[in-house]
Amino acid sequence: MAPSHISFFLPTLLLVLLLVTEVAAKVPAVIVFGDSSVDAGNNNQIPTIARSNFQPYGRDFFGGKPTGRFSNGRIATDFISKAFGLKPTIPAYLDPSYNISDFATGVTFASAGTGYDTATSDVLSVISMWKQLDYYKEYQTKLRDYQGGNKANETINEALHIMSLGTNDFLENYYSTFPPSGRSSQYTTSQYENFLIGIAGNFVRELYKVGARKISVGGLPPMGCLPLERTSNFMGGNDCISSYNDVALAFNNKLNNLTISLNKELPGSAVVFSNPYFIFLHMIKKSSSYGFEVTSTACCATGMFEMGYACNRNNMLTCTDASKYIFWDAFHPTEKANQIISDHLVNHVLAQFL
């Protein structure tokens with residue numbers, strides 16, 4: 001007969017294992033919508049110049065492979081997926097090398113260059129948010145065929161749905177001078193923010209209608225501190241453009257208020273606001289605390305304006321160690337910065353879903 005303390009230990013261990021299994025299954029998949037911050041290669045499959053499926057992009061990714069992620073390695077949603085006990089990367093829905101068995105635990109419909117405003121996605125002929133939603137509905141049909149109706153519905157209900165976009169609406173659309181934006185003559189900045197907030201709210205409602213319950217609405221970074229914007233700030237000594245950062249703060253405040261309102265409106269929903277602004281700004285202002293050495297320019301090429309095709313493998317100016325840089329190209333963070341941002345969001349916002 002087993003000693004009593006062992007008899008007690010075995011069912012206790014079994015209970016712990018059951019609890020761990022239950023926790024691990026709370027979020028069975030991560031579903032992603034948005035722009036280049038979370039595109040893992042969808043733009044590779046469409047006719048657009050907004051691509052990054054070539055070196056040196058991806059040089060620090062698994063196998064040194066350029067996938068279409070706008071970074072030297074993984075992006076924030078890859079790290080979030082791993083934090084939830086899922087796969088270490090989230091594949092792009094349009095990538096033909098993956099299928100529904102790969103997508104069952106995570107998929108991104110994101111498209112670099114897109115925004116809430118369909119006029120933004122038209123600038124670079126990329127996938128609009130509403131087309132991304134269409135792809136999601138198509139995915140749900142495939143998931144039901146693969147998992148069965150009840151299991152698929154459970155996956156959809158329990159999955160974490162992530163939205164990450166908005167920067168392009170301002171920098172590539174509203175403030176654009178080439179081509180000139182029609183939106184800036186149509187709306188004041190505050191009015192345009194409200195216009196986008198309306199779209200964001202409607203998108204969350206549509207996600208809710210098709211079964212989404214756990215939804216993270218991502219905020220804007222301090223977009224005035226992107227190297228591309230700092231380079232153009234001649235009069236300000238190439239410092240961050242404070243007016244752009246002020247817009248990001250104002251828009252983020254409205255997004256936060258939107259999530260509060262949506263939680264009251266949509267029964268059983270958990271809509272959260274994932275704000276990257278302050279952790280991003282803290283990395284820039286207190287860079288040495290994170291092991292960064294360069295904050296105002298990017299690793300790729302001159303680091304002042306290059307991204308996409310302008311950031312190519314033949315440029316001899318590209319840095320050798322991206323971990324010393326916050327920015328990989330003039331618009332996007334390095335893998336190291338992406339991990340810091342994602343860890344912060346997981347610990348301070350998304351932990352409630354763990």
Side-chain angles (χ1 to χ4, degrees), residues 35-39 49-61 64 66 68-76 112-113 124 164 167-168 170-172 175-178 220-249 276-342 344:
D35 57 21
S36 58
S37 61
V38 289
D39 184 357
I49 61 169
R51 292 188 181 184
S52 60
N53 56 333
F54 44 84
Q55 295 182 347
Y57 286 97
R59 72 179 193 189
D60 298 311
F61 193 75
R69 289 170 172 81
F70 280 77
S71 187
N72 58 304
R74 282 176 285 175
I75 52 180
L124 294 172
S164 177
T167 304
N168 293 320
F170 292 98
L171 300 185
E172 303 300 318
Y175 290 118
S176 175
T177 54
F178 183 78
L220 300 184
M223 56 189 185
C225 293
L226 302 180
L228 185 66
E229 307 311 322
R230 295 179 73 152
T231 298
S232 66
N233 189 17
F234 305 114
M235 300 301 290
N238 299 121
D239 201 356
C240 298
I241 300 178
S242 59
S243 60
Y244 285 4
N245 284 355
D246 290 343
V247 168
L249 284 169
Y277 184 96
F278 295 106
I279 181 62
F280 212 134
L281 191 64
H282 197 258
M283 283 195 298
I284 294 169
K285 301 296 185 184
K286 303 291 183 181
S287 55
S288 61
S289 301
Y290 300 90
F292 293 117
E293 297 178 8
V294 184
T295 63
S296 60
T297 57
C299 170
C300 191
T302 66
M304 295 189 291
F305 61 87
E306 296 91 348
M307 59 181 172
Y309 284 111
C311 172
N312 64 71
R313 65 186 301 175
N314 298 320
N315 198 304
M316 303 300 291
L317 297 175
T318 297
C319 78
T320 56
D321 185 0
S323 69
K324 296 177 181 178
Y325 288 71
I326 291 178
F327 295 97
W328 165 248
D329 65 16
F331 213 82
H332 305 98
T334 56
E335 178 181 71
K336 179 179 175 180
N338 278 324
Q339 182 168 16
I340 292 169
I341 294 167
S342 64
H344 176 84

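From I49, atom CD1 reaches atom OH of Y309 across 8.5 Å, with rounding to the nearest 0.5 Å. From C299, atom SG reaches atom CZ of R59 across 4.5 Å, with rounding to the nearest 0.5 Å. Interatomic distance, CD1 of I341 versus CE of M283, reported as 4.0 Å (0.5 Å rounding). To the nearest 0.5 angstrom, I241 atom CD1 is 10.0 Å from Y175 atom OH. C319 SG to N72 CG: the interatomic distance, rounded to the nearest 0.5 Å, is 8.0 Å. Here the CZ atom belonging to F70 is positioned 10.0 Å from the CG atom belonging to D35, to the nearest 0.5 angstrom.
Residues M304 and T297 have side chains in contact (heavy-atom distance under 4.5 Å, counting atoms from C-beta outward). Inter-residue side-chain proximity for F54 and R313 is flagged as unmet; no heavy-atom pair is nearer than 4.5 Å.
Aromatic ring centres of Y290 and H282: separated by under 6.0 Å. Note: F327 and F280 meet the aromatic proximity criterion, with ring centroids under 6.0 Å apart.
The side chain to side chain donor-acceptor pair (under 3.5 Å) with H332 is formed by just one residue from the set S37, S36, S52, S71; it is S36.
Side-chain N or O atoms of N238 include one that pairs as donor or acceptor with a backbone N or O of R230 at under 3.5 Å. The backbone N or O of C300 lies less than 3.5 Å from no partner atom in the side chain of N315, so there is not a single donor-acceptor pair.
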- Any chance you could lay out the disulfide (SG to SG under 2.5 Å) test for C240 and C225, step after step, and finish with the verdict? CA-CA 4 Å; C240 298; C225 293; 2.1 Å; yes
- Item | Test side chain to side chain contact (heavy atoms under 4.5 Å, CB included) applied to Y325 and E293, step by step | CA-CA 6 Å; Y325 288 71; E293 297 178 8; over 6 Å; no
- Message: Could you walk me through whether R69 and D39 satisfy the salt bridge (charged side-chain N to carboxylate O under 4.0 Å, His left out) test, starting with their C-alpha distance in whole Å, then the side-chain angles of each, then the deciding distance to 0.1 Å, before giving a yes or no?
- Response: CA-CA 6 Å; R69 289 170 172 81; D39 184 357; over 6 Å; no
- Message: Please evaluate residues F292 and I284 with respect to the criterion side chain to side chain contact (heavy atoms under 4.5 Å, CB included), reporting the C-alpha separation (whole Å), side-chain torsions for both, the decisive distance (0.1 Å), and the verdict.
- Response: CA-CA 9 Å; F292 293 117; I284 294 169; over 6 Å; no
- So F331 and L171, side chain to side chain contact (heavy atoms under 4.5 Å, CB included) or not? Walk me through it. CA-CA 10 Å; F331 213 82; L171 300 185; 3.8 Å; yes
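The two residues T302 and L317 make their nearest non-hydrogen contact at CG2-CD1, 3.7 Å. Across all their heavy atoms, C311 and W328 have their closest contact at SG-NE1, 4.3 Å. Nearest approach of S323 to D321, heavy atoms of both residues: OG-OD1, 2.6 Å. Closest non-hydrogen pair, M223 versus E229, comes out as O-CG, 3.3 Å. Across all non-hydrogen atoms, the minimal contact from D329 to M307 is OD2-CB, 3.4 Å. Nearest heavy atoms, D60 versus A322: OD2-CB, 4.2 Å.
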